[in-house]
Amino acid sequence: MSLDIVILAAGQGTRMRSSLPKVLHPVAGNSMLGHVIHSARQLQPNSIHVVIGHGAEKVRERLAADDLNFVVQSQQLGTGHAVAQAVPVLSGDTVLILYGDVPLIEVATLQRLLAKVSPSQLALLTVELPDPTGYGRIVRDSAGQVRAIVEHKDASEAERAIKEGNTGILAVPGERLTDWLSRLSNDNAQGEYYLTDVIAMAVADGCVVATETALDAMEVQGANDRRQLAELERHYQWREARRLMALGVTLRDPARFDVRGEVSVGRDVLIDINVILEGQVVIEDDVIIGPNCYIKNSTLRKGVEVKANSHLDGAIMGEGSDAGPFARLRPGTVLEAKAHVGNFVELKNAHMGEGAKAGHLTYLGDAEIGARTNIGAGTITCNYDGANKWKTTIGEDVFIGSNNSLVAPVDILANASTGAGSTVTQEVPQGQLAVARARQRNIEGWKRPVKLNKT
Ligand code: UD1
Ligand code: CA
């Protein structure tokens, strides 16, 4: 089967009250349209066509990719008209219609739908709704066969009583679609070319209309305003939380946990409340993440512990290493196994060897730190001279005293030590102690200043 996918995304979305086109509004950190494209790709289609209109340039700019063909519908004359804009470039035997503002549609549902389409059969995704107001209704004959879809505004009282609604998502034999679309009229309550009128035409042409049902209403729910957007967000998060729990993650509270990207997890992972995982996050077995942590594009190897209120972006934490509370690991941070980063420590483009430690109040930027080295509290690498960044290299088993300024570029060789309060500007040879601070002077008989008399 060769498949073409058409995603409708030309509508305005007035109720969002936004300068951002509706389909670019985010759910879980990705635009609604981005979610739909992601699902579409997993079906491995021949081609994907996105029909754009309102905010077309912004949409194209944001989502441009080699495998996407953007088709502009300059006037929104209806869903049938929108699909017709893409039809001249379609060649597959099946055309699947999706919607840029229906982001939670599941690949498995679409696969079930596609399994039902053939040259003489359409497949329609429907949903049972307690209150289908606004939806097209699925009209069936006494044998239960679909005869037509009637839009809410065109429906009779009896038709409005039907609870089975049209999700809008359908798969059609490609060969016939051009003909059906060319015969649509806009003689209806909304003066639009309805895609849904294709159903009655197909039936008249002797096609069977098979149906498949959505798992739940949220899967096929569109977002027209920010309230619905928030509902989709919550539903997405709940789905993601359930997926992770099924894989062996304990979430202290699934309602206070957010994923905005792709997360892979091992077993016996424990995630406390208010954790946000963003981008590509890899979490191996036995990892513990404390409350209020933000973790983006990072890898946490087996047994890592990230303590409360830590912020990670582009970090790799090796087996059994730990960070926090209040740690900040910026891009390029690599902690080898058992390395320890404590509170109020910031790392950027820094590599800490196995078992190395930076326990408190430290900034390590553009730094290489050897195994088992200890960095004293209050130490900073002075990696920036106002124009360029320079590297600090610290060997294995080094002891850096408290409150050091390590002025890069500088090398501190293995087994060296530095005294507290040192400003290190030169190489420290292997095994030696560097003390680079003013010597203490005690002044005998020192008199404290006395307050002047104001008269
Ligand atoms: C449509 C269906 C209805 C279904 C409902 C589900 C039709 C005629 N009706 O109604 O049966 O129950 O969806 O939500 O298809 N769009 C374009 N270009 C256009 C018009 C629409 O790209 O010219 C896009 C919109 O951006 C939107 C989607 O198509 O994403 C649906 O359009 P909308 O006008 O919201 O259709 P509904 O009236 O909701
Ligand atoms: Ca709609």
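For the numbers below, each heavy atom of this structure counts, side chains included, while hydrogens, waters and symmetry mates do not. Order of appearance sets the numbers: ligands from 1, and atoms from 1 within every ligand. We're numbering straight along the sequence, starting at 1. All values derive from a computational prediction rather than experimental measurement.
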Check whether any N or O atom of [X], backbone or side chain, sits under 3.5 Å from an N or O atom of ligand 1, and answer yes or no.
X	value
Val51	no
Gly136	yes
Ala10	yes
Gly100	no
Gly134	no
Asn166	yes
Gln73	yes

- Out of Val50, Leu98, Val23, Thr79, whose heavy atom is nearest to atom 8 (C) of ligand 1?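 The residue whose heavy atom sits nearest atom 8 (C) of ligand 1 is Thr79.
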- Counting heavy atoms only, which of Met32, Glu151, His54, Lys22 comes nearest to atom 10 (O) of ligand 1?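 Going through Met32, Glu151, His54, Lys22 one by one, Glu151 has the nearest heavy atom to atom 10 (O) of ligand 1.
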Show me the side-chain donor-acceptor pairs of residues 279-290 shorter than 3.5 Å, one per line, residues at least two apart or across chains.
| unit_1 | atom_1 | unit_2 | atom_2 | d |
| --- | --- | --- | --- | --- |
| Glu284 | OE1 | Lys302 | N | 3.0 |
| Glu284 | OE2 | Arg301 | NH1 | 2.9 |
| Asp285 | OD1 | Arg267 | N | 2.8 |
| Asp286 | OD2 | Lys302 | NZ | 2.8 |

- Query: Any idea which part of Asp101 is under 4.0 Å from ligand 1, heavy-atom wise: side chain, backbone, both or neither?
  - Reply: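 Within the 4.0 Å criterion, Asp101 contacts ligand 1 through side-chain atoms alone.
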- Do Arg137 and Asp154 meet the salt-bridge criterion of a basic N to acidic O distance under 4.0 Å?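 Between Arg137 and Asp154 there is no salt bridge, as every charged N stays at least 4.0 Å from the carboxylate O atoms.
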